[in-house]
Amino acid sequence: MGSKPSARRELERVEGKMDNLDSLSRDLRTEIERLDELFWVSGETLKAISKRFQEELDEGLQENGRNIAMYLTWVLGFPTGHERGAFLALDLGGTNIRVCWIELAERKGETKVMQSQYKIPDDLKTGSADQLWNFVAESLEKFTKEQGLNGSENEPLPLGFTFSYPAIQDYIDHGVLQTWTKGFDIDGVEGQDVAEQVQEAIAKRKLPIRLIALINDTTGALIASAYNDPDTIVGAIFGTGCNAAYMEQCSSIPKLKSHDQAKDLPSDTRMAINCEYGAFDNSHSILPRTPYDETVDEQSPRPGEQTFEKMSAGLYLGEIFRLILLELHSKGLIFPDQTNLSYLQSSYSIDTGVLSFVENDDSADMGDTKNRFRREFNITPSHSDLRAMKHIAITVAVRGARLCACGVAAICRKSGIQKGHVAADGSVANKHPKFRRRWGQALGEILDWKEDREDDPIVLTSAEDGSGIGAAVITAMTLERAEKGQMVGIRAGAQQKKVST
Ligand code: BGC
């Protein structure tokens with residue numbers, strides 16, 4: 001039996017030759033080796049995590065209140081690709097509210113999207129429910145006026161609302177927020193039906209708009225992508241937060257039995273499940289958490305929640321990196337001559353864009369990173385600081401990507417999926433050039449793909465616009481079901497004529 005390979009050897013196995021760090025001081029090299037060991041997640045550990053992940057996914061399908069929630073979405077089956085009509089779509093993202101008017105066209109490629117974005121004022125993210133919904137309704141009002149969209153009391157404009165936070169849904173136009181995530185902390189929404197709150201704010205302004213479907217961004221990505229690509233198996237977000245949705249056989253969702261409305265569903269019906277797997281391992285039984293992960297969690301508005309998300313999603317990767325830099329500075333190992341670190345000391349001042357920038361900086365002597373740090377953080381890193389930063393940025397990003405593979409691997413294993421497209425969206429998937437390769441490498445290790453394979457059977461694809469097209473297609477599917485009287489998950493009264501294009 002050979003001894004366990006060092007983390008550095010393992011990193012080089014998946015990353016190729018890393019920069020030589022011989023010119024760094026011995027103490028700094030020792031610290032970096034320590035970080036390598038701390039952050040490296042071996043293939044064996046990935047397998048164990050994914051196995052536990054699968055158990056938590058199964059538990060969530062059993063009953064409400066389990067750690068991974070596995071929310072019912074009442075989106076029944078994939079779209080046919082022939083859904084038509086014109087719809088409003090609203091997306092409450094982390095930074096902006098996006099409102100779209102979408103006309104789903106007969107011919108692919110002719111779908112029209114008109115849209116506007118409204119920046120969410122920073123103080124709103126920690127404000128009150130009234131302020132939030134008033135801002136949302138005001139944005140809808142502005143947009144419909146600008147675009148000249150006229151609904152009426154009898155024919156209100158149908159709205160699909162993408163609300164990307166954990167919400168338990170008894171119907172498709174209902175969703176009780178369980179907890180805010182991603183740094184949001186608005187009073188008076190947790191425990192409430194957000195669909196009702198938004199509809200009330202719309203009514204206050206007498207806008208002729210009717211909320212038809214409340215959806216999660218992952219479900220939106222799944223459906224928007226499946227609308228064009230029949231090989232879609234999962235919709236996943238690797239962004240500020242992380243999560244995925246997939247189609248489950250209703251006969252394999254035991255908790256559906258507690259919904260009377262679902263008892264007559266044909267046995268082969270499938271329903272999209274919003275996993276909400278950012279909460280994986282909230283009991284801290286398997287994920288290899290580091291002291292930096294613990295600090296991120298303790299300092300977040302909801303300690304103890306979203307354990308998996310806090311180790312792998314975009315909002316937190318830069319923060320972990322920042323905490324490491326501060327610690328190395330406090331030990332006198334980096335930025336030794338810099339006295340004013342106030343920018344770096346402010347929480348979340350390094351976002352995942354910076355992390356990606358540092359690790360992908362191929363400019364001479366990393367001059368680009370040096371300039372950026374001078375400009376944005378008032379720090380002038382030395383040659384040795386820069387090399388250490390690059391190495392650490394890689395270590396943190398590689399761990400994030402490898403962990404991200406565990407959730408999708410668990411979904412595929414539990415559903416017996418062996419090939420297909422994982423439609424991915426989010427800043428990490430889109431803006432970290434190496435994320436896909438790292439994720440695919442880790443997925444292969446978990447699922448025992450052959451090293452000499454020509455192609456990966458399961459690949460990440462770029463999701464179609466989930467909160468725009470996805471919300472529109474789901475709204476269309478819901479109205480079509482209501483028209484046919486297939487009311488499972490739809491409240492009476494949802495029948496209304498679609499706005500024709
Ligand atoms: C939310 C999910 C969402 C994910 C990606 C998480 O924080 O709880 O609902 O899908 O972020 O946006």
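When a ligand or atom number is given, it counts from 1 through the structure's own listing order. Numbers here simply count residues along the sequence, with the first being 1. Only this structure's heavy atoms are used, side chains among them; waters, hydrogens and symmetry mates stay out.
Counting all heavy atoms, side chain and backbone alike, E146 lies closest to S116 at OE1-OG, 3.5 Å. Between R302 and K310 the shortest heavy-atom distance is O-NZ, 2.9 Å.
Relative ring orientation between W180 and Y165 is described as perpendicular, the plane-to-plane angle rising above 60° on a 0-90° scale split at 30° and 60°.
Protein residues are said to neighbour a ligand when one of their heavy atoms lies under 4.0 Å from it; for ligand 1 these are S164, Y165, P166, T181, K182, N216, D217, T218, I237, G241, C242, N243, E276, Q306, E309.
Applying the ring-ring contact (aromatic ring centres under 6.0 Å, His included) test to F161 and every residue at least two apart in sequence or in another chain returns F163.
We find that E200 and R205 are not joined by a salt bridge, their nearest charged nitrogen and carboxylate oxygen being 4.0 Å or further apart.
For the pair R372 and F357, the cation-pi criterion (under 6.0 Å, within 45° of the ring axis) is fulfilled.
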